[in-house]
> 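One structure coming up, written as structure tokens, with questions to follow.
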Protein chains: 2
Amino acid sequence: MTAPPNGSSHDLAHPQEQDLDLTQVLFALSDPGRLEIVRQLRDGPVEMAQCNLADPTVAKSTKSHLFKVLREAGVILNLPKGRGRLLSLRREELDRRFPGLLDAVLDAS
Amino acid sequence: MTAPPNGSSHDLAHPQEQDLDLTQVLFALSDPGRLEIVRQLRDGPVEMAQCNLADPTVAKSTKSHLFKVLREAGVILNLPKGRGRLLSLRREELDRRFPGLLDAVLDAS
DNA sequence: TCGAAGGTTCAAGTATTATCGAACCATGAC
DNA sequence: GTCATGGTTCGATAATACTTGAACCTTCGA
């Protein structure tokens, strides 16, 4: 097969802005580990490999799961970049859909 | 025993403002049923007996549990009133502790 | 004092989530 | 190619959370 499947590259599913659900977003943010991740993305995209949790003992499959919950809730974007992945907050979409929510959470002590 | 235990009346525990935890609050709000309750308290205190869920089939013990989660997270106040209970949002405390959060959640579509 | 209304708590079963190792896949470096 | 790096997914198990009936408590009204 010489023809590449076109747009292959492990593409993960992201919900559309219109499908974002408030309770799902709140749930995604309601875990300390996931919240920690979100805070790290506050100032811009971060490569997953550089995105470390306070607890260094957590398995990589567990870490992957945390990202999955955030992605499926529509909180973050997880795109392929080189041999790794680039993570970013879906700020604009979240702000449009739930104005003030993300800032309130990020600003909270 | 003629002497009443003084301040008896089924007093439920409520966390202090300083002990409110963001992730716990977010978790409490991340359930559709609980969110529904919180919305009903938006415009002021409501007696529990008048606080009904969309789904009328839910058992009273289940309902009680929903209120418990909200209370233990510090989202609502649950005080005795007559033979029932009066529920209210802990608005001021939540606003002080997590500015903008409650409004963002309540205003969300 | 008795009964009914309104709620909490307990115990037990069910469902959902978290966690991890192992297997697997893609990319870039060589 | 081959190998190491970086991640995802799967399957299993542990931990949480949800749901409910039963038992119980308190308050109001008769």
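Protein chains get the first letters and strands the later ones, always in sequence-line order, with residue 1 at the start of each.
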> Measure CG/A:Asn52 against P/D:dG6 and give the value in whole Å, please.
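Roughly 11 Å, once rounded to whole Å.
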
> If you take all heavy atoms of A:Gly74 and A:Leu20, which pair is closest and at what distance?
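Nearest pair, atom of A:Gly74 first, then A:Leu20: CA-CD2, 3.7 Å.
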
> Can you check whether A:Ala54's main-chain N or O pairs, donor with acceptor, with A:Glu36's side chain at less than 3.5 Å?
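Yes; at least one donor-acceptor contact below 3.5 Å.
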
> Please write out the pairs of protein N or O atoms and N or O atoms of nucleotides 12-14 of chain D separated by less than 3.5 Å, giving the distance to one decimal.
none

> Which residues pass the side-chain contact (heavy atoms from CB on, under 4.5 Å) test with A:Asn78, not counting sequence neighbours?
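Scan of A:Asn78 (side-chain contact (heavy atoms from CB on, under 4.5 Å), adjacent residues dropped) gives A:Leu12, A:His14, A:Met48, A:Arg71, A:Arg85, A:Leu87.
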
> Can you measure from CG (B:Leu41) to CG (B:Leu77) and round to the nearest 0.5 angstrom?
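The distance works out to 10.5 Å.
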
> CD of B:Glu72 versus P of D:dT16: gap in Å, rounded?
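Whole-Å distance recorded here is 15 Å.
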
> Tell me whether the side-chain N/O atoms of A:Arg71 come closer than 4.0 Å to OP1 or OP2 in D:dT8.
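Checking A:Arg71 against D:dT8: no side-chain N or O falls below 4.0 Å of OP1 or OP2.
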
> For the helix from C:dT1-D:dA30 to C:dC30-D:dG1, measure the angle between the helix axis at one end and the axis at the other, each built from five pairs, rounding to 10°.
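Between the first-five-pair axis and the last-five-pair axis there is 30°.
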
> Could you check how far CG of B:Asp11 sits from P of D:dT27, rounded to whole Å?
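Rounded to whole Å, this separation is 10 Å.
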
> Working to the nearest 0.5 angstrom, can you tell me the gap between B:His65 NE2 and B:Leu70 CG?
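Going from NE2 on B:His65 over to CG on B:Leu70, the span is 10.0 Å.
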
> Between A:Arg83 and B:His65, which has a closest nucleotide on DNA chain D that is more 5'?
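Of the two residues, A:Arg83 wins.
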
> Atom CG of B:Leu87 to atom P of C:dG7: distance rounded to whole Å?
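Atom-to-atom, B:Leu87 to C:dG7, this comes out as 8 Å.
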
> Would you indicate, yes or no, if D:dC18 has its OP1 or OP2 atom less than 4.0 angstrom from a side-chain nitrogen or oxygen of B:Arg34?
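Answer is yes, contact under 4.0 Å.
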
> Nearest to the side chain of A:Leu12, which nucleotide is it out of D:dT9, D:dA4, C:dT19?
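Nearest to the side-chain atoms of A:Leu12, counting from C-beta on, is D:dT9.
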
> Taking 4.0 Å as the cut-off, does a side-chain nitrogen or oxygen of B:Asn78 come that near to OP1 or OP2 on C:dT8?
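For B:Asn78, the contact criterion (side-chain N or O under 4.0 Å from OP1 or OP2 of C:dT8) is met.
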
> Counting only heavy atoms not in B:Gln18, do more than 12 sit closer than 6.0 Å to its CD atom?
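Yes, CD of B:Gln18 has more than 12 neighbouring heavy atoms, counting only those of other groups under 6.0 Å.
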
> Should we count CD of A:Gln50 as having more than 12 external heavy atoms under 6.0 Å?
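Buried by this count: over 12 neighbours within 6.0 Å.
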
> Name every residue in residues 37-51 of chain B that has at least one heavy atom under 4.0 Å from any atom of DNA chain C, in order of residue number, or write none if there are no such residues.
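Of all residues in residues 37-51 of chain B, the ones placing a heavy atom under 4.0 Å from DNA chain C are B:Met48, B:Ala49.
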
> Would you indicate which nucleotide in D:dT19, D:dG29, D:dT8 comes nearest to any side-chain atom of A:Ser64?
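So the nucleotide nearest the side chain must be D:dT8.
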
> As a quick check of understanding, evaluate salt bridge (Lys or Arg N to Asp or Glu O under 4.0 Å) for B:Arg97 and B:Asp19, giving each step before the final call.
CA-CA 10 Å; B:Arg97 199 79 178 63; B:Asp19 294 328; over 6 Å; no

> Enumerate all atom pairs, one protein N or O and one N or O from nucleotides 21-24 of chain D, separated by less than 3.5 Å.
from, atom 1, to, atom 2, distance (Å)
D:dG21, N7, B:Ser61, OG, 3.2
D:dG21, O6, B:Ser61, OG, 3.2

> Please step through salt bridge (Lys or Arg N to Asp or Glu O under 4.0 Å) for the pair B:Arg91 and B:Asp103, ending with a clear verdict.
CA-CA 9 Å; B:Arg91 227 183 206 302; B:Asp103 281 327; 3.4 Å; yes

> Can you tell me how far P of C:dT17 sits from CG of B:Asp31, to the nearest Å?
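Roughly 11 Å, once rounded to whole Å.
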
> State the CG-CG distance between B:Leu29 and A:Leu22, to the nearest 0.5 angstrom.
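Reported value, rounded in 0.5 Å steps: 8.5 Å.
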
> Shorter than 3.5 Å, N or O on both sides, protein versus nucleotides 12-16 of chain C: list them out with atom names.
none

> Nearest whole Å is fine: how far is D:dT8 C1' from A:Leu70 CG?
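Computing the A:Leu70:CG to D:dT8:C1' distance gives 16 Å.
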
> Is A:Ser30 reaching over with its side chain to a backbone N or O of A:Phe27, donor-acceptor style, under 3.5 angstrom?
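Yes, A:Ser30 side chain to A:Phe27 backbone: donor-acceptor pair under 3.5 Å.
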
> Report yes if some heavy atom in the side chain of A:Leu94 is under 4.5 Å from a heavy atom in the side chain of A:Leu101; otherwise report no.
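The answer is no; the side chains never approach within 4.5 Å.
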
> Should B:Ile37 and B:Leu106 be counted in the same cluster of Ile, Leu, Val, Met, Phe, Trp and Tyr side chains packed under 4.5 Å apart?
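Yes, B:Ile37 and B:Leu106 fall within the same hydrophobic cluster.
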
> Donor-acceptor pair, distance only, cut-off 3.5 Å: does the side chain of B:Lys63 make one with the backbone of B:Leu53?
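No, B:Lys63 side chain to B:Leu53 backbone: no donor-acceptor pair under 3.5 Å.
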
